[in-house]
Amino acid sequence: MTEPDHRQVRHGLAPGPSAAPRPQETARPAAPAARERQPETAPPPRAPTAGDGDEGPSRIRVWRAVLPPGATSQTFPSPRPLPVRATKRATSATAWLLVAGAGAAIAAVTAEGRLGPRDPRAIDPTPWWGILPPAPPTGTTRGALAGIAALAVITLCVCWITLVRRALSGRAGPRAALTAAIAWGMPFALGPPLFSRDAYAYAAQGELARRGLDPATHGVAALAAGGPTSLGAAFSNAVDPRWRDTHTPYGGGAVAVEKLAATVGHLLGGGPTVALVTLRVVAVLAVVAMVACTVRLVDRLPRAADPAGDAGRAGAKEGASGRAVVLALVAANPVTVIHLVGGMHLDALAAGALAGALLIDRRRVTHRPGRPPFTRFPGFPWGRRSNRSAGGPVHRAVSGAAMAATALACFAGTIKVTTLLGFAWLVVAHARDAARHDPLADGSRPAVSGLAVSGLPAAEPGGRPLAAGRWGLAAVAVAADLAVAAAVLGLSVLASGFPPTWIKALATSGELTTGIAPASLLASLVAAVAGLADQQVSAGRDSALLTDCRTVTLAAAAAVVVVLLWRAWRRPVTGAADGRDGLAVLGIGGFAVALGSPVLYPWYLGPALPMLAILIADAHVAHQRGDGPMIREGLRGDEAEEPTGSRDEAGLARRRCRVGAGIVCATSVWLCGATLSPLAQTWRLLGPHGPAFPAPLVGTLAAVAALLVTAAGAVTARRPGWWATPG
């Protein structure tokens with residue numbers, strides 16, 4: 001008698017050897033005698049994690065049991081549908097989480113806006129719908145507003161961490177994460193620049209460029225030469241006094257964007273107000289592009305085929321799970337909604353350009369079915385229908401996708417010099433792939449070993465190109481990338497109207513100190529240790545100790561980047577083009593560069609956040625996928641033990657996911673908290689110098705406590721007590 005297919009038996013499509021055929025609709029559980037054949041040591045069933053009915057696929061935890069000889073799939077009950085009450089409870093918890101985060105965002109925008117400038121010498125050019133006060137508030141009011149803003153930001157961070165946890169556990173899908181990002185980011189998109197006055201400096205530098213003055217050699221104070229009531233004075237008075245006489249460290253691309261905003265303000269007659277609105281539109285569009293490219297990058301990561309044959313269903317579930325994690329970590333991140341959108345920082349534009357560069361570069365190594373692998377400018381939108389042969393080895397090393405990706409990465413570098421790491425990675429990747437490519441392996445040329453075929457370099461036995469040919473193609477790829485970089489630099493010079501004088505002003509951002517930067521923390525630690533030994537060492541600004549510590553942190557960041565690039569270069573040929581090397585270099589390396597900078601602000605994490613989120617989502621999907629092979633192998637009747645390889649790989653992926661998500665969440669919350677307004681006046685409200693009953697502070701504490709209780713209830717909500725096993 002022919003043995004039935006185990007998959008058919010498992011799904012109820014074929015009867016087992018000890019069961020008679022019966023219709024599918026009348027199938028019932030087997031007799032008690034069949035259940036007695038199960039091992040007595042089998043673990044009892046436990047409740048799984050239920051997913052939201054409208055926000056993504058449910059996660060069903062299945063026990064890995066071994067069928068005894070003669071047992072059929074009818075021994076195990078069929079999965080029961082998700083209870084309606086559990087679905088409504090999960091949806092309600094997610095809805096309350098979104099409402100709590102939106103309320104916290106509105107409170108943060110209102111309270112921080114009503115605080116006004118931290119330095120009273122700065123003057124807001126516009127009331128921004130009445131949010132910005134016409135005069136600085138009093139001490140008591142300022143303390144209450146600072147407390148409200150701080151608690152609102154903390155509440156938003158708590159809601160975000162809760163959303164990330166729900167996305168990782170499968171209780172929040174892509175729709176919930178995207179809705180949270182829109183609901184939480186909308187108040188910051190409509191409100192004034194908050195938690196930093198860099199946007200006013202961008203507008204003033206754009207006005208300098210519009211008037212023909214180089215922002216890299218002139219301070220924005222030069223705009224006030226026309227008098228205190230002139231239009232230029234309105235630009236310069238809005239800038240923080242600490243930055244009015246400094247020179248911009250941003251490249252030609254940033255100056256061109258700032259000049260565009262000032263030009264739009266001049267044409268519409270709105271001055272700094274319209275310029276700020278233009279910068280806000282640019283920031284929002286950049287964040288949208290960054291998120292869209294990040295989601296596409298997650299979907300394009302290559303993964304192993306599903307051995308069970310249900311690749312379509314598994315791919316859909318994995319795609320939804322990965323998108324939910326990425327959207328929660330990037331789009332709804334407080335760094336994104338508060339600083340990239342609300343603060344209008346140009347780091348959002350650099351992050352979007354880097355994500356787009358990686359997405360375009362993926363087309364360089366992916367080919368459509370039925371199309372020759374090497375066509376002229378493969379991956380370019382207008383080259384999709386081109387079936388002409390590449391014509392030689394040069395076109396294998398230089399492609400349209402590679403050139404476009406390099407151009408975007410160089411554009412990001414002209415905005416923020418630290419994002420030139422993307423250009424460095426693309427140079428290494430293009431040279432590596434050009435040097436290792438086997439022209440005889442893809443079937444596009446006759447497999448004649450040791451001969452030069454159709455203009456190709458001679459090959460060693462086995463089809464591997466000779467060393468001279470490999471290094472020649474690598475040199476061609478590097479030369480092409482350098483040519484594209486020179487072209488982008490020239491275009492940035494033309495767009496801004498000034499030569500690259502900004503290189504001399506790169507040290508401008510390091511003129512101040514931030515106590516949260518690792519270099520400053522290291523200097524303070526060394527000074528404290530020296531103080532214990534009765535040695536007085538200064539760790540303040542312009543001190544030798546701080547300078548040495550900054551050198552150490554920069555060297556450490558450079559070492560991390562070099563190691564990542566070297567590992568990517570040494571990657572085997574089979575895994576050279578899977579896209580994960582670039583994510584590691586730009587994610588982990590960019591994170592190290594941000595932490596190793598002389599000063600540290602939350603928006604410095606912007607270019608590295610998308611890549612880190614993709615790596616975390618990839619580990620999360622790998623962990624979920626690792627359960628599949630274990631379940632399938634454990635359900636085979638001829639297998640006595642379940643495989644340990646898949647279990648170890650799934651455990652490693654789970655640890656990577658947890659560590660990565662923990663680092664991103666902790667760093668984001670830490671940096672967002674460090675930019676809050678000083679709370680000294682808030683604490684004075686509770687002392688003898690404050691009012692007898694600080695009603696605003698008490699009311700705020702009560703409201704925030706209610707929101708925190710709501711978020712905690714969403715996390716600890718009881719899961720439905722049902723379970724499922726394969727039928």
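- Residues Ala523 and Ala539 approach most closely at O-CB, 3.6 Å, considering heavy atoms.
- Atom-to-atom distance recorded for Thr110:OG1 and Leu115:CG is 11.0 Å, nearest 0.5 angstrom.
- With rounding to the nearest 0.5 Å, the separation of CZ in Arg165 from CD1 in Ile161 is 9.5 Å.
- The aromatic rings of Trp603 and His345 lie parallel to each other, their planes meeting at an angle below 30°, with 60° marking the opposite boundary.
- Formation of a donor-acceptor pair under 3.5 Å by the Asp124 side chain with backbone atoms of Thr126 is not found in this model.
- Judged by distance alone, the side chain of Arg280 and the main-chain N or O of Ala189 form a donor-acceptor pair under 3.5 Å.
- Checking Ile338, Val109, Val337 one by one against Pro187, the side-chain contact (heavy atoms from CB on, under 4.5 Å) holds for a single residue, Val109.
- With rounding to the nearest 0.5 Å, the separation of CG in Leu329 from CH2 in Trp160 is 6.5 Å.
- A pairwise comparison of heavy atoms in Ala180 and Leu163 identifies CB-CD2, 3.6 Å as the closest pair.
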Point to revise | Worked check of side-chain contact (heavy atoms from CB on, under 4.5 Å) between Ile516 and Leu521 | key: CA-CA 6 Å; Ile516 59 174; Leu521 294 176; 5.7 Å; no
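- When atom types are taken as modelled, the side chain of Thr553 and the backbone of Cys549 share a donor-acceptor pair closer than 3.5 angstrom.
- Separation of atoms CZ (Arg197) and CG (Asp119) is listed at 9.0 Å; rounding is to 0.5 Å.
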Review point. Under the side-chain contact (heavy atoms from CB on, under 4.5 Å) criterion, do Cys293 and Leu358 qualify, and how do the steps go?
Key: CA-CA 9 Å; Cys293 293; Leu358 283 187; over 6 Å; no
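- For the residue pair Arg166/Thr94, the side-chain donor-acceptor check at 3.5 Å is satisfied.
- For Leu276 against Met344, the heavy-atom pair with the smallest separation is O-SD, 3.5 Å.
- Between Trp184 atom CH2 and Asn333 atom CG the span is 10.0 Å, to the nearest 0.5 Å.
- Side chain of Thr141 to main chain of Pro137: no donor-acceptor pair is present (N/O by atom type, distance under 3.5 Å, no hydrogens or angles).
- The backbone N or O of Val664 lies less than 3.5 Å from no partner atom in the side chain of Thr667, so there is not a single donor-acceptor pair.
- In this structure, Trp670 and Pro602 have side chains that are not in contact, with every pair of non-hydrogen atoms separated by 4.5 Å or more.
- Of the possible polar contacts, one joining the Ser520 side chain to the Thr514 backbone as a donor-acceptor pair under 3.5 Å is found.
- Here Leu132 contributes atom CG and Arg114 contributes atom CZ; the two are 8.0 Å apart, rounded to the nearest 0.5 Å.
- In this pair, His620 and His623 present their aromatic rings tilted. The plane angle is within the 30 to 60° band.
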